[in-house]
Amino acid sequence: MKDSDYATKPVFVKNFMDGFKAALKNGPHAFITDFSKCDFTKMYMHFLAIREKKKEMTSEEKKRIKAQKDIDEEPYTWATIDGRREKVGNFRVEPPGLFRGRGEHPKMGKIKRRVVPEDITINIGKDAKVPEPPAGHSWKAVIHNDTATWLAGWNDVINVKDWKYVQFGATSTVKAESDQKKYEKARSLHKYIEKIRKDYKRNMMSESKEMAQLAVATYLVDKLALRAGGEKDEDLADTVGVCTLRAGHIKFMDDNVIEFDFLGKDSIQYLQQHKIDEVAYKCLQRFVQGKGPDVDIFDHVDPQKVNAHLQTLMPGLTIKVFRTYNASITLDRLLKDTKKNDTTLQKKATYDAANKEVAILCNHQKGVSKAHDAQMEKLAEKKKDLAKQVAEMKKKTDDKNQKKKLAALKERQSKLAIQMNMKEELKTVSLGTSKINYLDPRITLSWCKRHEVPPNVVFTKALIDKFHWAMDCEMEFSFVQEDAVEVKPAE
DNA sequence: GTACAGACTTGGAACAATATTA
DNA sequence: TAATATTGTTCCAAGTCTGTAC
């Protein structure tokens with residue numbers, strides 16, 4: 001924490017000091033009140049030393065320790081549901097520490113106290129043996145709710161209204177079934193999408209402000225894959241989604257182009273310009289008219305209303321289904337460009353390019369790694385060096401292998417160029433999130449079958465396990481069902 | 001209709017393991 | 001073979017959405 005930039009944020013420092021002072025209040029160190037006079041170097045060095053020691057261990061030592069840890073934890077990693085023994089996801093409670101809220105979170109730096117057995121509610125079958133709490137302790141409660149899938153839970157110690165749950169792991173039947181349902185729902189949206197698009201285009205012109213806002217909000221959700229944007233408490237970071245967009249978050253440019261600039265989930269900036277539907281553009285101008293930058297654009301609707309309207313058009317449809325639908329159908333469409341005779345490596349590049357497109361659509365970002373610039377510089381050095389080698393080789397007219405060597409050098413040059421390009425382009429784009437949450441695995445796996453690409457080229461072991469339910473999908477699987485008519489993306 | 005608790009999914013960062021390069 | 005880069009996994013914060021109570 002010391003070398004992260006949290007320690008430079010006043011809110012963080014204040015919250016931390018409030019907690020720290022309270023902890024010291026009745027002891028011999030109660031005189032400590034000023035953060036700037038505190039020197040945590042000794043503690044820092046201590047933890048640094050532990051980390052160094054870990055690094056120095058031989059891989060055999062590391063393996064031995066890991067194996068022992070696995071044995072110790074084994075009893076806690078399984079639970080039985082409907083007679084099946086299945087993997088538990090997060091079986092450990094969260095350890096004490098300092099709260100690391102994202103963005104400008106008003107509670108960042110608060111001390112997260114230890115969670116004790118007395119905080120924990122156990123949810124277990126009526127006749128099952130209740131796990132023993134640690135000696136001298138007892139559980140807060142033991143309940144038998146067989147309509148919920150969580151195994152244990154406690155009130156979060158920072159946002160007390162929130163609950164934290166112990167859940168089954170990604171490979172479990174409950175998770176697999178719900179994942180499957182999610183993708184089937186997104187897939188069936190395709191059958192309704194034309195009707196829905198017609199509906200919102202018509203309603204944009206409605207006299208009713210609520211109807212018009214409903215329509216424009218749905219349009220933005222469909223076209224830009226934005227999130228719903230529920231109302232948030234004051235004591236959380238100020239982030240927004242469609243329904244909570246404020247006038248200051250959009251700028252009207254020429255030619256029906258709108259610039260969106262707001263902080264979304266996890267305080268990730270959404271900064272994109274889009275040419276949008278002419279009527280929607282005019283509607284938005286009307287919605288913001290006379291409003292200051294801090295006033296809601298969609299003051300007549302909220303996610304509940306949008307979802308209720310969507311459900312009049314398709315059973316079970318909600319805003320987030322559009323994200324899944326548009327992500328999956330984009331992958332489906334782009335993978336069609338895969339060339340039959342390409343090498344596996346080239347096919348993977350096609351896949352990654354499609355994946356990247358989806359990540360940009362969903363605005364999945366990551367921070368630029370600290371080493372990025374240095375790494376790029378290194379590659380640039382390499383590029384220079386290669387250029388020099390090429391120039392020298394060109395002079396060696398007496399070398400009978402000159403042509404061959406030159407070709408090899410050129411090949412290395414082009415590979416390096418592609419590598420540099422990719423690295424720069426992906427420095428802020430996160431590909432993993434859409435793979436885990438938005439892309440129907442059957443699109444990927446059927447593509448693997450058709451193009452003879454082993455699944456582990458595009459999926460990690462954990463993902464292959466998570467998507468076990470999709471492994472035996474048909475080679476001809478198509479996200480767009482056969483009986484569906486052709487539909488173009490939202491304009 | 002609205003507010004809120006409850007339950008579950010989604011998300012980036014940190015950390016760990018593995019692969020690649022010098 | 002060590003240093004560095006890349007890939008994979010874990011952690012836990014932060015969303016969405018449903019059901020219920022008034």
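All values reported here derive from a predicted model rather than from experimental measurement. Basis for what follows: all heavy atoms, side chains included, without hydrogens, waters or symmetry-related copies. All chains are named by letter (A, B, ...) in the order of the sequence lines, taking the proteins before the strands, and each is independently numbered beginning at 1.
Under the salt bridge (charged side-chain N to carboxylate O under 4.0 Å, His left out) rule, Asp238(A) has a single partner from Arg246(A), Arg102(A), Lys232(A), which is Arg246(A).
By the 4.0 Å N-to-carboxylate-O rule, Asp72(A) lies too far from Lys69(A) to be salt-bridged with it. A salt bridge does not link Glu381(A) to Lys378(A): none of the charged nitrogens lies less than 4.0 Å from a carboxylate oxygen.
Considering only the side chain of Thr318(A), dT18(C) comes nearest among dT18(C), dT6(C), dG11(B). Closest to the Phe99(A) side chain, of the nucleotides dG15(C), dA13(C), dA22(B), is dA13(C).
Rounded to the nearest 0.5 Å, atoms CG (Leu189(A)) and CG (Asn326(A)) are 7.5 Å apart. The line from CD of Gln272(A) to CG of Asp261(A) is 11.0 Å long, rounded to the nearest 0.5 Å.
Between the CD atom of Gln375(A) and the P atom of dA19(B) there is a distance of 19 Å, given to the nearest Å. Rounded to an integer number of Å, the gap from CZ of Phe459(A) to C1' of dT7(C) is 16 Å. Counting to the nearest Å, the P atom of dT10(B) and the CD1 atom of Ile319(A) are 14 Å from each other. In this entry the distance linking CZ of Arg92(A) with C1' of dC11(C) reads 10 Å, nearest Å. When rounded to the nearest whole Å, the span between CG of Asn326(A) and C1' of dT10(B) equals 17 Å. A straight line from CG of Asp179(A) to C1' of dT10(B) spans 11 Å, rounded to a whole angstrom. In this entry the distance linking CG of Asp440(A) with P of dT9(B) reads 16 Å, nearest Å. Atom CG in Asn363(A) sits roughly 10 Å away from atom P in dG11(B) (whole-Å rounding).
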* To do: Decide salt bridge (charged side-chain N to carboxylate O under 4.0 Å, His left out) for Lys347(A) and Glu452(A); before the verdict, give the C-alpha distance in whole Å, the side-chain angles of both, and the deciding distance to 0.1 Å.
  => CA-CA 10 Å; Lys347(A) 284 173 182 169; Glu452(A) 294 175 335; 6.0 Å; no

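Between Phe459(A) and Phe467(A), the ring-plane angle classifies as tilted under the 30° and 60° cut-offs. Note on ring orientation: taking the six-membered ring where Trp is involved, the planes of Tyr270(A) and Phe262(A) are parallel (angle under 30°, cut-offs 30° and 60°). Ring-plane geometry between Phe16(A) and Phe20(A) is classed as parallel, the angle between the planes falling under 30 degrees on a 0 to 90 degree scale with a further cut at 60.
As judged by a 4.0 angstrom heavy-atom cut-off over every strand, Ser369(A) is placed among residues making no nucleic acid contact.
For Ser267(A), no side-chain nitrogen or oxygen approaches OP1 or OP2 of dA14(C) to under 4.0 Å. Contact annotation: Lys378(A) side-chain N/O to dA5(C) OP1/OP2 distance is under 4.0 Å. Dashed line: the shortest gap from a side-chain N or O of Asn437(A) to OP1 or OP2 of dT9(B) is not under 4.0 Å. In this structure, Lys320(A) reaches the dT10(B) phosphate: one of its side-chain N or O atoms is under 4.0 Å from OP1 or OP2. Taking only side-chain nitrogens and oxygens, His364(A) never comes nearer than 4.0 Å to OP1 or OP2 of dT10(B). Contact annotation: Thr433(A) side-chain N/O to dG12(B) OP1/OP2 distance is under 4.0 Å.
For the segment residues 139-176 of chain A, the set of residues with a heavy atom within less than 4.0 Å of an atom of DNA chain C comprises Lys164(A), in numerical order. Taking every heavy atom of residues 209-233 of chain A and every atom of DNA chain B, pairs under 4.0 Å involve Arg227(A), by number.
A donor atom on one side chain and an acceptor atom on the other are found under 3.5 Å apart for Gln346(A) and Thr343(A). Between the side chains of Thr149(A) and Tyr165(A), no donor-acceptor pair of N or O atoms lies under 3.5 Å.
Not a single donor-acceptor pair, N or O on each side, falls under 3.5 Å between the base of dT9(B) and the side chain of Lys182(A).
In this structure a side-chain-to-backbone donor-acceptor pair under 3.5 Å is present from Asn90(A) to Gln167(A).
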Polar atom pairs between nucleotides 13-17 of chain B and protein, under 3.5 Å, N or O only, would you list them?
| unit_1 | atom_1 | unit_2 | atom_2 | d |
| --- | --- | --- | --- | --- |
| dA13(B) | OP2 | Gly367(A) | N | 3.0 |

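Between Tyr44(A) and Phe40(A), the distance separating the two ring centers is not shorter than 6.0 angstrom.
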